[in-house]
Amino acid sequence: MTETTTSSGGRPNLPMQGVPQPSRDEVLNLPRVHISSHPVMAHKMTALRNKNTQPPEFYRHVKEIGALLAYEATATLAIESSPIETPMGPMIGERLAGGIGVTPILRAGLGLAEGFREVIPDAQIWHLGLRRDEQTLEAMEYYNQLPHRVDLQVCYAVDPMLATGGSAIDAINVLKRRAIPRLCYVGIIAAPYGLLKLSQTHPDIDIYIAALDESLNDVGYILPGLGDAGDRQFGTF
Ligand code: PRP
Ligand code: URA
């Protein structure tokens with residue numbers, strides 16, 4: 001995590017202050033960054049962003065977008081042969097080779113993790129609680145249910161919003177201590193600033209997002225974004 005300094009007015013300097021934010025075009029073609037171009041995703045994103053969408057519907061959209069992102073992010077998973085008998089006779093089928101882990105970054109990652117479970121019901125769910133301090137925008141860990149025994153081929157850290165990138169970077173740091181062969185980050189909306197930071201800090205992971213937005217505002221919210229993803233899922237305004 002970054003060291004906190006204060007401006008002359010006593011307010012902590014935020015990570016993106018005094019640093020020019022990259023434009024959307026500058027980060028569009030970063031290596032290992034996958035931005036969904038699926039029309040169904042674009043349709044659901046508009047419903048999600050709409051300020052009139054209420055928490056029950058918002059949560060449902062997050063889950064559905066999570067399932068679509070799960071399809072995209074699992075497209076390159078390893079498979080192995082699996083001999084079976086169909087009613088017509090024997091055949092060599094295929095199955096996923098090795099376990100799949102999903103780490104929802106609490107709270108807002110919970111809806112996305114549910115979407116993943118619709119696609120991969122036997123995924124292991126490794127809960128990790130990170131809260132962004134609204135004064136400094138630094139992420140602080142407050143809950144960790146990561147098992148010590150690792151039998152995964154991949155683990156997906158899932159969190160709807162990639163703003164300054166602090167929470168995503170810290171989550172991947174925590175997961176890297178578990179020696180998982182492959183790590184990915186999956187989010188709904190990224191700001192160019194956070195996306196560049198995550199990609200530069202962890203160039204060895206794949207990043208899957210539904211949309212790349214324009215910028216961060218003065219207090220670290222994504223524009224045009226969707227507001228607060230946790231509050232909108234759980235009705236805590
Ligand atoms: C939000 C969001 C991310 C983080 C993104 O969570 O869900 O975890 O902020 O910001 P960053 O990229 O600048 O770190 P928040 O800390 O508000 O907690 P919540 O999920 O409990 O609402
Ligand atoms: N967290 C959110 O929920 N929304 C933002 O725009 C930024 C961080």
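As the structure lists them, so they are numbered: ligands from 1, and atoms in each ligand from 1.
- Here the side chains of Glu214 and Pro224 are in contact, with some heavy-atom distance below 4.5 Å.
- For the atom pair NE2 of His34 and CD of Glu72, the computed distance is 10.0 Å after rounding to the nearest 0.5 Å.
- Ligand 1 lies nowhere less than 4.0 angstrom from a heavy atom belonging to Asp170.
- Distance from atom 7 (O) of ligand 1 to its nearest protein heavy atom, with residue and atom name: Asp159 OD1, 2.8 Å.
- Summarising the contacts of atom 17 (O) of ligand 1 with Glu138, Arg131, Glu134, the nearest heavy atom is found in Glu134.
- Looking at heavy atoms from C-beta onward, Gln21 lies in side-chain contact with Met16 at the 4.5 angstrom threshold.
- Between Thr164 and Leu216 the shortest side-chain heavy-atom distance falls below 4.5 Å.
- Of all atoms in ligand 1, listed by their number and element, those nearer than 4.0 Å to a heavy atom of Ala108 are 7 (O), 20 (O).
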What pairs of donor and acceptor atoms, side-chain ones from residues 110-122 against any protein atom, are under 3.5 angstrom apart with sequence neighbours left out?
none

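- The closest approach between any non-hydrogen atom of Leu137 and ligand 1 is not below 4.0 Å.
- Scanning both residues, Gln233 and Ala108, for their nearest heavy atoms gives NE2-O, 2.8 Å.
- Residue, atom and distance of the protein heavy atom nearest to atom 18 (O) of ligand 1 are Leu130 O, 4.3 Å.
- Nearest to atom 12 (O) of ligand 1 by heavy-atom distance, out of Gly194, Gly165, Ala229, Ser167, is Gly165.
- Within ligand 1, the atoms closer than 4.0 Å to a non-hydrogen atom of Gly166 are 12 (O), 14 (O), numbered from 1 in the order shown.
- Listed by chain and residue number, the protein contacts of ligand 2 are Arg132, Met161, Ala163, Gly220, Tyr221, Ile222, Gly227, Asp228, Ala229 (heavy atom within 4.0 angstrom).
- The CD1 atom of Ile79 sits 3.5 Å away from the CD atom of Glu94 when rounded to the nearest 0.5 Å.
- Of the protein's heavy atoms, Met161 O, 3.3 Å lies nearest to atom 5 (C) of ligand 1.
- Scanning both residues, Ile65 and Met45, for their nearest heavy atoms gives CD1-SD, 3.8 Å.
- With Pro160 as the fixed residue, the side chain to side chain contact (heavy atoms under 4.5 Å, CB included) test singles out one of Ile222, Ile188, Ile209: Ile188.
- The shortest N/O to N/O separation between Leu162 and ligand 1 does not fall below 3.5 Å.
- Residue Arg132 approaches ligand 1 through these ligand atoms, each under 4.0 Å from one of its heavy atoms: 9 (O), 10 (O), 11 (P), 13 (O), 14 (O), 16 (O).
- When Asp206, Asp159, Leu175 are each tested for a side chain to side chain contact (heavy atoms under 4.5 Å, CB included) with Tyr185, only one passes: Asp159.
- Summarising the geometry, atom NE2 belonging to His43 is positioned 12.5 Å from atom NE2 belonging to His38; distances are rounded to the nearest 0.5 Å.
- Of the protein's non-hydrogen atoms, the one nearest atom 13 (O) of ligand 1 is Thr164 OG1, 2.6 Å.
- Checking atom 1 (C) of ligand 1 against the protein gives no heavy-atom contact under 4.0 Å.
- In terms of protein heavy-atom proximity, atom 22 (O) of ligand 1 is closest to Arg107 NH2, 3.0 Å.
- Of all atoms in ligand 1, numbered sequentially from 1 with element shown, those under 4.0 Å from a heavy atom of Leu106 are 20 (O).
- A distance of 9.0 Å separates SG in Cys155 from CD1 in Ile125, rounded to the nearest 0.5 Å.
- Note on Leu130 and Met140: separate hydrophobic clusters, where clusters join Ile, Leu, Val, Met, Phe, Trp and Tyr whose side-chain heavy atoms are under 4.5 Å apart, directly or indirectly.
- The shortest non-hydrogen separation linking Arg232 to Arg49 is NH1-O, 3.5 Å.
- Heavy-atom contacts of Gly230 reach the following atoms of ligand 1: 22 (O) (cutoff under 4.0 Å).
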